[in-house]
Amino acid sequence: MGVPIRPLLEGYRHPVGWEELKGVAAIDAHNALYQFISIIRQPDGTPLKDTEGRITSHLSGILFRTAHLLEKEISPVYIYDGSPPDLKQKTISERREVREAGQANWEDALRRGDTEAAYRAAMASSRIDHAIIGSSQRLLDALGIPWMQAPSEGEAQSAALIESGVATYSVSQDYDSLLFGASVLVRNLTVSGKRRIRGKQQTISPERIYLPELLDGLSMTREMLIDIAILVGTDFNDGIYGIGPKKAEKIVREGRFDEVLREKDPAFDPDPVREFFLSPPVTREYRPEWRPPDPEGVREMLIEEYGFSADRISGVLERIAPSRSSSGQKRLDQWF
DNA sequence: CCGCGTAA
DNA sequence: TTACGCGGG
């Protein structure tokens, strides 16, 4: 998932406080939904579900995260993927196979009573389907949070929104938006500082990467970074067997990119992948609009339709849209 | 993931 | 005040 260039970014992933994150956050919707669906699960891997068996993990995640971001004066806009390029077909089918294996392993581990293995397999089985996308968009509408459908990759669209000044930064756990030219990437935009990784708990805090600082520090161009990514493999090409980020960096610095490809994978033409990263399909028209939340709409959807507890919903709504009767009034002016 | 209750 | 475990749907 995402391009494996993390080792090159050591020293450029800076911890960042919430004060510095005020602004417009262009959130990779697929990435966020995947995080919610894969992580918000019971210990045996069962996701949150309503009485009809529909998954609700993502609704819980969006609701509480939205409240948190608004409190921090961060304006989120969610960017959904459009049609994937043909170049991505192989990645898409490989992901489907991983999911199906995860599903089988999950059922297997449940039968064995191995809860930890079940949780891990369940995470791998996560799938963002039409119902999840549709319900997430309905909830965002009720919350007054804008979202858009990108023509193609969401991360490419996020980069374009930053370039045109509409967004302040891109939010994703993956690094692809850097390849698409996003000048600022923020990871771990979460409130709780803890996350389960390989069964262990790790402390996580928001971090920021500036693309210009990264390229200056590494003394390379974005084109070179893209070539490195192509050698190690992206969502749009396989990468060369046996070449990781460090070797790829060396090869590109020495100007041996073409030579290595000719030798290791003569049939592969890297130009369409380069072209896709450098000028992907994006729209320049979109301007997000934040509206006041519709508390009744949120209640109707989450309590009536999906069986959320009324008390919990009231608590969150009070944070997002303080009612006049209670102490609130203090942050309603933010909308006008 | 997030909020809450409880413990220290 | 902060840390941890639990339940959420």
Side-chain angles (χ1 to χ4, degrees), chain A residues 1 17-18 21 25 27-72 74 76 78 102 106 110 115-116 118-129 131-140 142-143 145 147 171-174 186-207 293 295 297-322 326:
Chain A
M1 235 349 130
W18 292 101
L21 290 171
I27 300 178
D28 177 356
H30 188 276
N31 189 264
L33 290 172
Y34 185 81
Q35 297 277 115
F36 292 142
I37 295 288
S38 59
I39 290 167
I40 305 180
R41 289 172 183 271
Q42 293 176 313
D44 71 349
T46 310
L48 300 189
K49 290 188 279 191
D50 70 4
T51 49
E52 293 175 33
R54 297 177 298 187
I55 293 180
T56 56
S57 299
H58 59 302
L59 302 177
S60 179
I62 288 173
L63 179 71
F64 290 116
R65 184 168 297 180
T66 297
H68 184 67
L69 295 181
L70 293 179
E71 282 172 338
K72 302 290 185 189
I74 294 169
Y78 282 77
W106 183 17
L110 283 179
T115 306
E116 275 192 29
Y119 186 89
R120 286 195 305 274
M123 285 182 79
S125 77
S126 305
R127 172 159 190 268
I128 308 306
D129 62 17
I132 286 168
I133 290 173
S135 54
S136 70
Q137 292 171 342
R138 275 185 62 208
L139 179 57
L140 291 173
L143 290 169
I145 302 301
W147 57 269
V171 177
S172 177
Q173 294 303 103
D174 294 340
V186 172
R187 302 179 70 246
N188 304 333
L189 195 66
T190 68
V191 55
S192 91
K194 299 282 172 80
R195 188 171 302 171
R196 278 184 294 279
I197 294 174
R198 297 188 304 273
K200 301 283 180 185
Q201 289 261 322
Q202 272 201 346
T203 304
I204 297 293
S205 62
E207 66 184 35
V298 173
R299 283 202 173 86
E300 223 172 286
M301 176 175 177
L302 294 183
I303 302 173
E304 308 304 324
E305 209 173 317
Y306 286 98
F308 280 63
S309 116
D311 283 351
R312 299 187 112 225
I313 299 303
S314 294
V316 190
L317 286 175
E318 198 57 30
R319 292 163 59 193
I320 301 179
S326 67

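We name chains A, B, ... by the order of the sequence lines, and we start the count at 1 in each one.
Of the candidates L140(A), V171(A), L70(A), P76(A) forms a side chain to side chain contact (heavy atoms under 4.5 Å, CB included) with just one, namely L70(A).
For the pair R65(A) CZ and dC1(B) P, the computed distance is 7 Å after rounding to whole Å. L48(A) has its CG atom 13 Å from the C1' atom of dG3(B), to the nearest Å. Following rounding to the nearest Å, E304(A) (CD) and dG9(C) (P) show an atom-to-atom distance of 13 Å. The CD1-P distance, from I313(A) to dG7(C), rounds to 19 Å in whole Å. Atom CG of D44(A) is separated from atom P of dC6(C) by 14 Å (rounded to the nearest Å). If you take CD1 of I40(A) and C1' of dC1(B), they are 4 Å apart, rounded to a whole angstrom. Rounding to whole angstrom units, CG of residue L189(A) and C1' of dC1(B) are separated by 12 Å. The interatomic distance linking K49(A) (NZ) with dG9(C) (P) rounds to 15 Å, in whole Å.
Side chain of Q173(A) to main chain of N188(A): a donor-acceptor pair is present (N/O by atom type, distance under 3.5 Å, no hydrogens or angles).
When the side-chain nitrogen and oxygen atoms of R41(A) are compared with OP1 and OP2 of dG8(C), none of them lie within a distance under 4.0 Å. Taking 4.0 angstrom as the limit, R312(A) places none of its side-chain polar atoms (N or O) nearer than this to OP1 or OP2 of dC4(B). Remark: S309(A) is not in phosphate contact with dG8(C), judged by side-chain N or O atoms under 4.0 Å from OP1 or OP2.
Residue pairs that meet the ring-ring contact (aromatic ring centres under 6.0 Å, His included) test with at least one member in residues 40-70 of chain A, sequence neighbours left out, are W18(A)-H68(A).
Note on T56(A): only backbone sugar-phosphate atoms sit closer than 4.0 angstrom, heavy atoms only; bases stay farther off.
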Only distances under 3.5 Å count here; give the side-chain donor-acceptor pairs of residues 297-308 of chain A to other protein atoms, sequence neighbours excluded, each with its distance to 0.1 Å.
residue	atom	partner	partner atom	Å
R299(A)	NH1	E296(A)	OE2	3.2
E305(A)	OE1	R138(A)	NH2	3.0
E305(A)	OE2	R138(A)	NH1	2.9

